[in-house]
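Here is the structure we will look at.
Nothing fancy with the numbering, it's 1 onward along the sequence. What you see below is based on every heavy atom in this structure, not just the backbone, and it leaves out hydrogens, waters and symmetry mates. What you are looking at is a predicted structure, and each value in this text was computed from that prediction instead of being measured.
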Amino acid sequence: FLAWDRENDIVYLTAEYKAGEVDISVHAGRLKMRLQAMKQVSMPGVGDYSGSDVSTGAKILDLYKAQGLRIQPANKVGRDTGIQNIYERMETGRFKVFKTCTMFLQELRTYAYDEKTLQIIKKDDHLLDAVRYAVTSGLALAEPPRQEKYRQKTEEMTLGIHTYHR
């Protein structure tokens, strides 16, 4: 989950969610529980649109929408372009990761290119992909938190469930 300090264009990875092969209703339920814990009605998100349910052929994003999540297809610009976007943000201090995001940090430590093909080794990179999608196409969907007490006080825009307040 991301928070975006729009004024300074800093993206914060505030929380992470990753689970193995479980039903979409389980994933959606867990995400909605996080929203409820933050007293959020809903928040927009983006996801990989290429997957389909093996048994029904239904698009994965449509299944999440049917569960009540506001999810849009990620703009899957070139993978290398998206990676460069995140890398440039890291180098300039405009992408920050909460230390509690241990699974993301582990994926980041093991991210590598094949020396022969110069292609990314696609292994254990689900959170990295999700963050890349969220930063490259999700920020355009970001909106102020829906908690009434924060509505008048914040200029930050949020994507995910956790907000950053100065």
Do Arg132 side-chain atoms and Leu128 backbone N/O form a donor-acceptor pair below 3.5 Å?
no
Please list, chain by chain and in numerical order, all residues satisfying ring pair (Phe, Tyr, Trp, His ring centres under 6.0 Å) with Tyr87, sequence neighbours excluded.
none
Does one hydrophobic cluster hold both Val11 and Met103, with members joined at side-chain heavy-atom distances below 4.5 Å?
yes
Going from CG on Asp125 to OG1 on Thr110, what distance comes out if it is rounded to the nearest 0.5 angstrom?
8.5 Å
Do Val22 and Leu63 sit in one hydrophobic cluster, given that two such residues count as connected whenever their side-chain heavy atoms are within less than 4.5 Å of each other, even indirectly?
no
Spacing of Glu16 atom CD and Gln106 atom CD [to the nearest 0.5 Å]:
11.0 Å
Reported CZ-to-OH distance for the pair Arg30 and Tyr17, which is rounded to 0.5 angstrom:
4.0 Å
Is there side-chain contact between Leu69 and Leu31, with at least one heavy-atom pair below 4.5 Å?
yes
For atom NZ of Lys122, decide whether the heavy atoms of other residues, nucleotides or ligands shown that lie under 6.0 angstrom number more than 12.
yes
Under a 4.5 Å cut-off applied to non-hydrogen side-chain atoms, are Pro44 and Gln72 in contact?
no
To check you understand the geometry: which heavy-atom pair defines the closest contact between Trp4 and Asp9, and what is its length?
NE1-OD1, 3.0 Å
Measure across Thr14 and Ala3 and return the closest heavy-atom pair with its distance rounded to 0.1 Å.
CG2-CB, 4.0 Å
I would like to know whether Arg34 and Phe1 meet side chain to side chain contact (heavy atoms under 4.5 Å, CB included); could you show each step before the answer?
CA-CA 10 Å; Arg34 284 194 176 196; Phe1 299 93; 3.2 Å; yes
For Asn8 and Asp5 the tightest heavy-atom approach is ND2-OD2, 3.0 Å
Parallel under 30°, tilted from 30 to 60°, perpendicular over 60°: which one fits the rings of His27 and Tyr64?
tilted
Of all heavy-atom pairs between Ser137 and Ala74, which one has the smallest distance, and what is that distance?
OG-CA, 3.5 Å
Glu107 versus Leu127, closest heavy-atom pair with distance
OE1-N, 2.9 Å
Looking at side-chain heavy atoms only, is the closest gap between Pro73 and Leu61 below 4.5 Å?
yes
Are any of the side-chain heavy atoms of Ile24 and Ile60 separated by less than 4.5 Å?
yes
Per the side-chain contact (heavy atoms from CB on, under 4.5 Å) rule, which among Val131, Val135, Thr100 passes with Leu13?
Val131
Could you measure the distance from the OG1 atom of Thr136 to the CZ atom of Arg89? Nearest 0.5 Å is fine.
10.0 Å
What's the separation between atom CZ in Arg94 and atom CD1 in Ile86, rounded to the nearest 0.5 Å?
10.0 Å
Atom pair CD/CG of Gln119 and Asp80 - distance to nearest 0.5 Å
7.0 Å
Quick check on the hydrophobic clustering: are Met90 and Leu2 connected, directly or via other members, by side-chain heavy-atom contacts under 4.5 Å?
yes
Do Ile121 and Tyr111 come within less than 4.5 Å of each other through their side chains, counting heavy atoms only?
no
